[in-house]
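Report on the following structure.
In what follows, every heavy atom counts, from backbone to side chain, and hydrogens, waters and symmetry copies are set aside. Residue numbers start from 1 in every chain, and the chains themselves are labelled A, B, ... in the order their sequence lines are given, proteins ahead of strands.
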Protein chains: 2
Amino acid sequence: MYMQFDEAKNKFIQTWGALGSQWGINKTMAQIHALLMISPDALSMEEIMDELRISRGNTSMNLRSLIDWGIVFKEYKAGERKEFFAAEGNIDELARKIAKERSKREIKPTLRVLKDVSGIDTKDSTKAAHFKAKTEELYDFVSRADNMLEKITEQKENWITKTIFKLMS
Amino acid sequence: MYMQFDEAKNKFIQTWGALGSQWGINKTMAQIHALLMISPDALSMEEIMDELRISRGNTSMNLRSLIDWGIVFKEYKAGERKEFFAAEGNIDELARKIAKERSKREIKPTLRVLKDVSGIDTKDSTKAAHFKAKTEELYDFVSRADNMLEKITEQKENWITKTIFKLMS
DNA sequence: TTAATGTTTCAATAATTTTTGAAACTTTAA
DNA sequence: TTAAAGTTTCAAAAATTATTGAAACATTAA
């Protein structure tokens, strides 16, 4: 009876985990997130451990990361002592937070380095001149892309729809 | 005299490598790409090995991957028997190829799974109904994002500038 | 042909990253 | 207070991923 659902649930969790690791996010972190996303109510650490068959330590550390990213929240239930965890329910908001976080953690530091290294004095070396030109070009590109991402995601509601609409105009 | 350039070059290669691994691309692959990008002319396998201090096997395999991605090309020099390698010189084109390749390798397969799993029959189970709703919502979102990426990058020339212009309108 | 030059493959090894599990720590109820 | 319930930390182990290096393979010049 529930066979089909369990199978689908499992497939979804595995796929989300694999997608995560292809994008530099650890598999367990992505799996916990997947599990919480499809769960109608908040889950305890025990429930997460049991469902994914992972250790308490692993669960604890990855939940902390998810909370740091701002895409999972702690919840408390009346009369219950333990903590429960729930995922950000709004997908637009989820995407916005991920975009913001990756920009902060990866793009911004890269931009800083690009700016630094493109500042060399080229004197009369062809190689250095080429290096300077390329890294400047890269800075410019990455910087624009980062601005674009910011622009796209700063509109709070339904930014994908709005953006596609603009792109078609 | 060239000290400053060498330092900058090294820093750039290391940073590009680190960025690569954060995005699921192997470090060496990203480093080779960085080296070729800033090199005014095509390099031989020997030169790449020496510069990055990596083995022949590693160099060979990662060059093949870069060629598979379509962002590095083989070149032949008159009178020289060996092969030389050069990176895609146009950054817009580079970004387009990366976007296209990641869509094909990661987003499209994920969409297929999302479509599959959201097809379950929910009967009277609340959990299954919630699962179906969430995965459908996710399918919708990812699918729109993928379309958006396609739309943005299908314009060949200077798509970033054009897109930002549209977004500001 | 064959020797020289160059490239690819892949099993073994190394490096890195993830995961475990148990001890330390924290909080709360009694 | 203390014991019970719960959470976090982190060194060690396991799993995964990247890298080496040498043998096999390919191509070309003589």
Side-chain angles (χ1 to χ4, degrees), chain A residues 13-36 42-69 72-86 102 105-106, chain B residues 13-36 42-69 72-86 102 105-106:
Chain A
I13 291 172
Q14 298 310 318
T15 303
W16 209 243
L19 191 68
S21 44
Q22 274 158 338
W23 288 82
I25 283 158
N26 124 8
K27 190 185 64 180
T28 303
M29 185 172 156
Q31 287 181 340
I32 293 176
H33 181 249
L35 176 62
L36 294 178
L43 299 181
S44 69
M45 210 151 97
E46 298 278 327
E47 289 171 305
I48 296 168
M49 287 166 59
D50 290 355
E51 191 83 50
L52 302 179
R53 282 103 178 268
I54 55 175
S55 72
R56 190 174 293 283
N58 197 6
T59 310
S60 172
M61 287 179 123
N62 283 298
L63 276 171
R64 168 204 274 278
S65 292
L66 287 163
I67 291 169
D68 284 350
W69 275 66
V72 161
F73 308 102
K74 277 192 185 176
E75 280 185 9
Y76 298 93
K77 289 188 186 175
E80 291 263 28
R81 183 154 156 196
K82 55 167 156 295
E83 300 170 330
F84 291 81
F85 301 89
R102 299 209 73 149
R105 291 173 195 230
E106 293 140 23
Chain B
I13 290 172
Q14 298 311 318
T15 303
W16 210 242
L19 190 68
S21 44
Q22 273 158 337
W23 287 81
I25 285 158
N26 126 4
K27 190 185 64 179
T28 303
M29 185 171 155
Q31 288 182 339
I32 294 176
H33 180 250
L35 176 61
L36 294 179
L43 299 180
S44 69
M45 209 151 97
E46 299 278 327
E47 289 171 305
I48 296 168
M49 287 166 58
D50 289 356
E51 191 82 51
L52 303 178
R53 281 105 177 264
I54 55 176
S55 72
R56 189 174 294 284
N58 199 6
T59 311
S60 171
M61 287 178 123
N62 285 111
L63 276 171
R64 167 204 276 278
S65 292
L66 287 164
I67 291 169
D68 284 350
W69 276 66
V72 161
F73 309 101
K74 276 191 186 177
E75 281 185 9
Y76 298 93
K77 290 189 186 176
E80 290 263 29
R81 183 156 155 194
K82 57 166 155 296
E83 300 171 331
F84 291 81
F85 301 89
R102 298 209 74 151
R105 291 172 197 231
E106 294 141 23

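- Environment of CZ in B:R105: crowded, with over 12 heavy atoms of neighbouring residues, nucleotides or ligands closer than 6.0 Å.
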Discussion item. What verdict does the side chain to side chain contact (heavy atoms under 4.5 Å, CB included) test give for B:F85 and B:E47, after you've listed the backbone C-alpha separation in whole Å, the side-chain angles of each residue and the deciding distance to 0.1 Å?
Written reply: CA-CA 10 Å; B:F85 301 89; B:E47 289 171 305; over 6 Å; no
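- A heavy atom closer than 4.0 Å to some atom of DNA chain C occurs in A:N26, A:K27, A:T28, these being the qualifying members of residues 21-29 of chain A.
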Item to complete: Step by step, work out the side chain to side chain contact (heavy atoms under 4.5 Å, CB included) result for B:E46 and B:R56.
Response: CA-CA 8 Å; B:E46 299 278 327; B:R56 189 174 294 284; 2.6 Å; yes
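- In plain terms, the two heavy atoms of A:S55 and A:M49 that are nearest each other are O-CG, 4.1 Å.
- Between atom CG of residue A:L52 and atom CG of residue A:L43 there is a gap of 9.0 Å, rounded to the nearest 0.5 Å.
- Here the P atom of nucleotide D:dT27 and the CD atom of B:E80 are 19 Å apart, to the nearest Å.
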Mind listing the N/O atom pairs, protein and nucleotides 27-30 of chain C, below 3.5 Å?
unit_1 : atom_1 : unit_2 : atom_2 : d
C:dT27 : O2     : A:R81  : NH2    : 2.7

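- Here A:E83 contributes atom CD and A:L63 contributes atom CG; the two are 9.0 Å apart, rounded to the nearest 0.5 Å.
- Summarising the geometry of B:W69 relative to B:R102, their closest heavy-atom pair is CH2-CG, 3.7 Å, with the distance given to 0.1 Å.
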Side-chain donor-acceptor pairs of residues 17-36 of chain B under 3.5 Å, sequence neighbours excluded:
unit_1 : atom_1 : unit_2 : atom_2 : d
B:S21  : OG     : B:G17  : O      : 3.4
B:S21  : OG     : B:A18  : O      : 3.1
B:W23  : NE1    : A:E106 : OE1    : 3.1
B:N26  : OD1    : B:T28  : N      : 2.8
B:N26  : OD1    : B:M29  : N      : 3.1
B:Q31  : NE2    : B:Q14  : OE1    : 3.3
B:H33  : ND1    : B:W16  : NE1    : 3.4

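- Summarising the geometry, atom CZ belonging to B:R81 is positioned 14.0 Å from atom OG belonging to B:S44; distances are rounded to the nearest 0.5 Å.
- Atom CE of A:M45 is separated from atom C1' of D:dT8 by 8 Å (rounded to the nearest Å).
- Note that the two end axes of the helix from C:dT1-D:dA30 to C:dA30-D:dT1 enclose an angle of 10°, each drawn from 5 base pairs, rounded to 10 degrees.
- Scanning residues 48-67 of chain B for heavy-atom distances under 4.0 Å to DNA chain C yields B:R56, B:G57, B:S60, B:M61, B:R64.
- Rounded to whole Å, the distance from CD on A:E46 to P on D:dT7 is 8 Å.
- One can place NZ of A:K77 at 16 Å from C1' of D:dG6, the figure rounded to the nearest angstrom.
- In this structure, the separation between OG1 on A:T59 and CG on A:D50 is 9.0 Å, given to the nearest 0.5 Å.
- Here the C1' atom of nucleotide D:dT7 and the NZ atom of A:K82 are 12 Å apart, to the nearest Å.
- Under the side-chain contact (heavy atoms from CB on, under 4.5 Å) criterion, A:A42 pairs with A:E75, A:F84, A:A86, sequence neighbours left out.
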